[in-house]
Amino acid sequence: MKNFALIGAAGYIAPRHMKAIRETGNNLVAALDKNDSVGIIDSHFPDADFFTEFERFDRHVDKLRRQGDGKQIDYVAICSPNYLHDSHMRFALRAGADAICEKPLVLNPWNIDGLQEIERETGRRVNTILQLRLHPAIIALKAKVAASPADKKFDVDLTYITSRGHWYLQSWKGDDKKSGGISTNIGVHFYDMLHFVFGKLQDNKVHYNSPTKAAGYLEYEKARVRWFLSVDVNDIPADVRAAGQRTYRAITADGESIEFSDGFTDLHTVSYREILAGRGFGLEENRVAIETVAHIRSAAISPLTGDYHPFVAKLV
């Protein structure tokens with residue numbers, strides 16, 4: 001049984017990490033969040049110590065490390081706001097623990113270089129949650145692409161609309177300096193999946209970019225990709241919205257739908273099992289996706305010529 005600490009216990013994604021820690025037979029011994037609405041812990045680890053101040057959490061983790069005898073923290077799970085991931089991973093490594101960090105790993109690719117240096121200094125490791133790489137449908141697609149002719153390029157459309165209320169832009173998620181913007185906040189795992197399946201990134205154009213939606217074109221060794229991301233419910237197709245749905249997710253390759261909704265939210269435990277077995281995804285596996293979103297964040301808007309997502313034509 002390994003000892004875990006959790007940073008960001010009140011966040012949306014934290015319960016999936018608590019569930020994964022429990023389902024892999026391990027123990028959450030300490031948690032941190034400046035917000036104290038963390039009653040969900042009682043459903044998983046009611047005996048976990050909880051802190052609202054980082055300084056006291058830091059002191060507690062250090063005390064456990066010095067006590068030894070199996071009480072030290074082995075892993076720190078990081079579910080904090082995006083802009084704090086880098087600092088919290090550094091804390092974990094220097095505290096003598098491995099890190100398990102939610103996506104996006106960092107906001108800028110040069111942060112990866114600094115973390116790699118600290119990994120070498122401490123002998124500890126950063127693991128990341130890239131759960132789409134573990135999804136059976138994505139693994140099957142990767143195999144299909146690998147078996148295709150060498151000069152074959154798939155035509156891919158990626159559409160992801162996940163409605164958010166007015167709170168979204170008032171939170172840290174609406175601040176590009178903290179979240180990285182919409183492409184980083186809700187899209188980074190899709191860009192990682194595209195690189196994982198279709199190979200090296202060759203072109204990256206942005207056709208639209210606003211606080212609530214973005215669109216562009218990506219070209220990989222094996223694919224031409226038109227993408228559209230949004231948190232605006234009005235972008236959901238009318239028939240889907242009329243059915244009461246507030247999320248719309250669609251990926252097609254050469255017109256064939258890739259269905260990965262089943263299990264999309266249930267892969268954290270699988271990710272934890274892989275990490276605990278020494279097969280987790282490390283820092284370098286994240287580089288292409290982080291480079292992709294960093295470019296999208298600062299790129300000039302390209303004119304609507306050539307390939308572009310059909311949804312973006314309605315916006316300009």
Side-chain angles (χ1 to χ4, degrees), residues 7-19 33-35 37-40 78-85 101-107 129-132 157-194 206-216 226-251 260-268 289-290 292-294 296-298 301 309-316:
I7 299 177
Y12 164 77
I13 205 69
R16 294 187 199 170
H17 286 259
M18 295 179 201
K19 181 172 178 278
D33 203 296
K34 67 177 184 179
N35 298 307
S37 297
V38 291
I40 186 65
I78 298 163
C79 306
S80 50
N82 300 351
Y83 70 107
L84 297 175
H85 288 177
C101 189
E102 263 298 341
K103 55 201 166 296
L105 177 74
V106 289
L107 296 183
I129 301 293
L130 300 175
Q131 77 265 37
L132 284 182
D157 276 4
L158 164 63
T159 311
Y160 182 51
I161 305 167
T162 179
S163 305
R164 297 291 186 265
H166 296 300
W167 65 268
Y168 182 88
L169 293 179
Q170 304 305 315
S171 73
W172 63 266
K173 295 180 180 183
D175 184 341
D176 281 10
K177 292 181 179 179
K178 292 183 176 181
S179 71
I182 189 169
S183 60
T184 306
N185 204 38
I186 72 167
V188 69
H189 53 305
F190 291 115
Y191 302 126
D192 174 74
M193 178 272 289
L194 291 168
V206 179
H207 293 130
Y208 191 89
N209 207 350
S210 79
T212 59
K213 62 197 78 178
R226 307 185 301 180
W227 61 268
F228 181 87
L229 304 173
S230 175
V231 294
D232 185 348
V233 68
N234 295 305
D235 290 321
I236 293 178
D239 57 332
V240 177
R241 198 163 69 246
Q245 295 186 35
R246 291 182 56 83
T247 297
Y248 179 77
R249 183 188 298 119
I251 298 182
F260 59 94
S261 295
D262 290 341
F264 182 72
T265 61
D266 300 325
L267 288 169
H268 278 71
I290 298 303
T292 302
V293 295
I296 290 170
R297 195 180 309 133
S298 60
I301 301 300
H309 196 285
F311 281 30
V312 78
K314 305 172 185 176
L315 304 176
V316 295

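Side-chain atoms are counted along with the backbone in the values below, which use heavy atoms only and exclude waters and symmetry mates.
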Listed once per pair and sorted, the side chain to side chain donor-acceptor pair (under 3.5 Å) pairs that draw on residues 173-183, sequence neighbours left out:
none
Nearest heavy atoms of Ala14 and Ala9, plus distance in Å
CB-O, 3.5 Å
At their closest point, which heavy atom of Arg164 faces which heavy atom of Thr162, and how far apart are they?
NH1-OG1, 2.6 Å
Do the side-chain N and O atoms of Glu102 and His189 include a donor-acceptor pair separated by under 3.5 angstrom?
no
Nearest 0.5 angstrom please: Asp192 CG to Thr292 OG1, how far?
9.0 Å
Is the backbone N or O of Asn185 less than 3.5 Å from a side-chain atom of Asn82, with the two atoms forming a donor-acceptor pair by type?
no
Do you know which two heavy atoms are closest between Ile290 and Val188, and how far apart they sit?
CD1-CG2, 4.2 Å
Hey, can you tell me if Tyr83 and Trp172 have their rings parallel, tilted or perpendicular (30° and 60° cut-offs)?
tilted
Separation between CZ (Phe311) and CG (Leu229), nearest 0.5 Å, reads 11.5 Å
Do Thr247 and Tyr160 have side chains that get closer than 4.5 Å, going by heavy atoms?
yes
Would you confirm whether Arg297, through its side chain, and Gly180, through its main-chain N or O, come within 3.5 Å as a donor-acceptor pair?
yes
CD1 of Ile236 to CD of Gln245: how many Å apart, nearest 0.5 Å?
8.0 Å
Are any of the side-chain heavy atoms of Pro310 and Arg226 separated by less than 4.5 Å?
yes
Going from CG on Asn209 to CD1 on Ile182, what distance comes out if it is rounded to the nearest 0.5 angstrom?
8.5 Å
Provide the full list of side chain to side chain donor-acceptor pair (under 3.5 Å) pairs with a residue in residues 228-243, sequence neighbours left out, each pair given once.
Lys213-Asp232, Lys213-Asp235, Ser230-Asp235, Asp232-Asn234
Under 3.5 Å, side chain of His85 to main-chain N/O of Pro104, donor-acceptor pair present?
yes
So, for Ala10 and Ser37, which heavy atoms are closest and what is the spacing to 0.1 Å?
CB-O, 4.0 Å
Contact check, side chains of Lys103 and Gln131, non-hydrogen atoms, under 4.5 Å:
yes
Main chain of Asn35, side chain of Asp33: is a donor-acceptor contact present, judged purely on distance under 3.5 Å?
yes
I'd like to check Arg249 versus Ile251 (side-chain heavy atoms, cut-off strictly below 4.5 Å). Are they in contact?
no
SG of Cys79 to CG of Leu84, rounded to nearest 0.5 Å, is 12.5 Å
Are Phe190 and Trp227 close enough that some pair of their side-chain heavy atoms sits under 4.5 Å apart?
no
Which distance, rounded to the nearest 0.5 Å, do you find between the CD1 of Ile161 and the CD1 of Ile186?
9.0 Å
